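What follows is a short report on a single structure.
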Amino acid sequence: MDINTLTAEMSLEESPRPPKSAKREGYLKWEDYFMGTALLAAKRSKDPNCQVGACIVNRENRIVGIGYNGMPNGCSDDTFPWDKNNKQFYVCHAEMNAILNRNIIDLKGCTLYVSRFPCNECAKMIIQSGITKVYYIYDKSPNKDVYIASKKMLEEAYVQFEVFKSEHKTIVIDLTPPLNINVS
């Protein structure tokens, strides 16, 4: 029911004030929205083995950077190798791209949402950029030297990190218009 119909049906004698409305239930919490944005960004990755996305958020809950793992600008996704042994020499990680693609100068105090725990090289950029908190979904290889070094540096630099926890297992994005909307 639209506001005009509602207003027309109301009688001033019956209800001198318009009815109060309640906010919608079931909306996404900020944290789920930001991690969902990181996961959506990961869908842009051309890597056949590992799609990672990252989303940087400032203290006002504004997204200030998004990235995914992919080849550097100007380097064709079709020319450079995607196999596990060689891609490491070419691919920019999601965290790097989010930091480099930021839309503000200073990332001090920002939070990073990323699908996979950052490697040691990304940890350096996270620390240097001023990001103070990292949420991640999984840590694929916690016993590898690159991740041990990452944790050591993040801890030493007082960058908090923790596994992302959500009440939702999935967030569904339906790209079809609502049934009552006429699309031409």
Side-chain angles (χ1 to χ4, degrees), residues 1-3 20-71 73 77 91-119 121-142 147 150-151 153-155 157-181 183:
M1 180 178 304
D2 70 303
I3 190 68
K20 291 183 179 180
S21 64
K23 67 181 177 183
R24 182 175 70 87
E25 293 182 14
Y27 58 89
L28 286 177
K29 291 182 178 178
W30 282 118
E31 296 81 7
D32 293 332
Y33 172 63
F34 300 136
M35 186 58 82
T37 300
L39 294 172
L40 189 60
K43 297 287 187 187
R44 289 281 310 136
S45 175
K46 314 303 184 303
D47 190 326
N49 300 304
C50 181
Q51 300 81 42
V52 180
C55 177
I56 303 172
V57 180
N58 69 13
R59 291 179 181 128
E60 290 79 37
N61 285 330
R62 303 288 190 273
I63 294 174
V64 297
I66 297 174
Y68 57 88
N69 57 320
M71 295 296 171
N73 290 336
D77 295 325
V91 172
C92 296
H93 289 186
E95 302 90 330
M96 173 194 284
N97 278 326
I99 290 168
L100 293 175
N101 293 331
R102 69 187 183 271
N103 61 15
I104 60 173
I105 293 173
D106 191 1
L107 294 177
K108 284 187 182 10
C110 288
T111 299
L112 173 70
Y113 292 82
V114 63
S115 51
R116 183 174 173 179
F117 189 81
C119 71
E121 293 299 319
C122 290
K124 293 174 193 176
M125 286 186 283
I126 290 166
I127 293 164
Q128 291 297 93
S129 71
I131 291 170
T132 55
K133 180 120 187 181
V134 176
Y135 287 103
Y136 62 96
I137 293 180
Y138 70 102
D139 187 352
K140 183 179 178 188
S141 307
Y147 300 106
S150 177
K151 288 180 180 108
M153 286 187 288
L154 291 171
E155 287 171 353
Y158 299 103
V159 176
Q160 299 173 20
F161 55 90
E162 66 181 78
V163 174
F164 179 76
K165 302 254 192 281
S166 175
E167 297 170 4
H168 306 281
K169 285 188 176 188
T170 61
I171 297 173
V172 177
I173 299 175
D174 185 354
L175 297 177
T176 59
L179 294 176
N180 60 347
I181 302 295
V183 178

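What you see is a predicted model; the values in this text were computed from it and never measured.
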Student check: side-chain heavy atoms of [X] and [Y] closer than 4.5 Å:
| X | Y | answer |
| --- | --- | --- |
| Y135 | E162 | yes |
| F164 | D32 | yes |
| Y33 | I63 | yes |
| F161 | E155 | yes |
| V163 | Y136 | yes |
| K46 | M71 | no |
| L40 | I173 | yes |
| R116 | I137 | no |

For D139 and Y147, run side-chain contact (heavy atoms from CB on, under 4.5 Å): C-alpha distance rounded to whole Å, both residues' side-chain angles, the deciding distance at 0.1 Å, then the answer.
-> CA-CA 8 Å; D139 187 352; Y147 300 106; 4.2 Å; yes
Keeping [X] on the side-chain end and [Y] on the backbone end, is there a donor-acceptor pair under 3.5 Å?
| X | Y | answer |
| --- | --- | --- |
| R102 | I99 | yes |
| R62 | E60 | yes |
| N69 | V52 | yes |

Closest approach of [X] and [Y], non-hydrogen atoms and distance?
| X | Y | result |
| --- | --- | --- |
| A123 | P118 | N-CB, 4.5 Å |
| A42 | G53 | CB-N, 3.4 Å |
| G67 | A41 | O-CB, 3.8 Å |

Given V64, which of V57, D106, N101, L107 fulfils the side-chain contact (heavy atoms from CB on, under 4.5 Å) condition?
->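 Only one of V57, D106, N101, L107 forms a side-chain contact (heavy atoms from CB on, under 4.5 Å) with V64, namely L107.
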Nearest 0.5 Å please: distance from the [atom1] atom of [X] over to the [atom2] atom of [Y].
| X | Y | atom1 | atom2 | result |
| --- | --- | --- | --- | --- |
| E95 | E121 | CD | CD | 11.5 Å |
| I104 | C110 | CD1 | SG | 4.5 Å |
| M125 | H93 | CE | NE2 | 8.0 Å |
| I171 | L28 | CD1 | CG | 4.5 Å |
| Q160 | L112 | CD | CG | 13.0 Å |
| M35 | S115 | CE | OG | 7.5 Å |

F117 six-ring face occupied by K151 cation (under 6.0 Å, within 45°) |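 Yes, a cation-pi geometry.
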Check the side chains of S45 and D47 for a donor-acceptor pair under 3.5 angstrom, ignoring hydrogens and angles.
->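 No, no side-chain donor-acceptor contact under 3.5 Å.
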Can you check side-chain contact (heavy atoms from CB on, under 4.5 Å) on T111 and I56, steps first, answer last?
-> CA-CA 6 Å; T111 299; I56 303 172; over 6 Å; no
For Y27, does the OH atom have more than 12 heavy-atom neighbours from other residues, nucleotides or ligands under 6.0 Å away?
->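 No, OH of Y27 has 12 or fewer neighbouring heavy atoms, counting only those of other groups under 6.0 Å.
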Look at atom CG of N73 and say whether more than 12 heavy atoms of other residues, nucleotides or ligands are closer to it than 6.0 Å.
->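 Result for CG/N73: open.
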Below 4.0 angstrom, N of the basic side chain to O of the carboxylate: do K165 and E31 qualify?
->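 No, K165 and E31 are not salt-bridged.
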From CA spacing to verdict: side-chain contact (heavy atoms from CB on, under 4.5 Å), N61, F34 = CA-CA 9 Å; N61 285 330; F34 300 136; 3.7 Å; yes
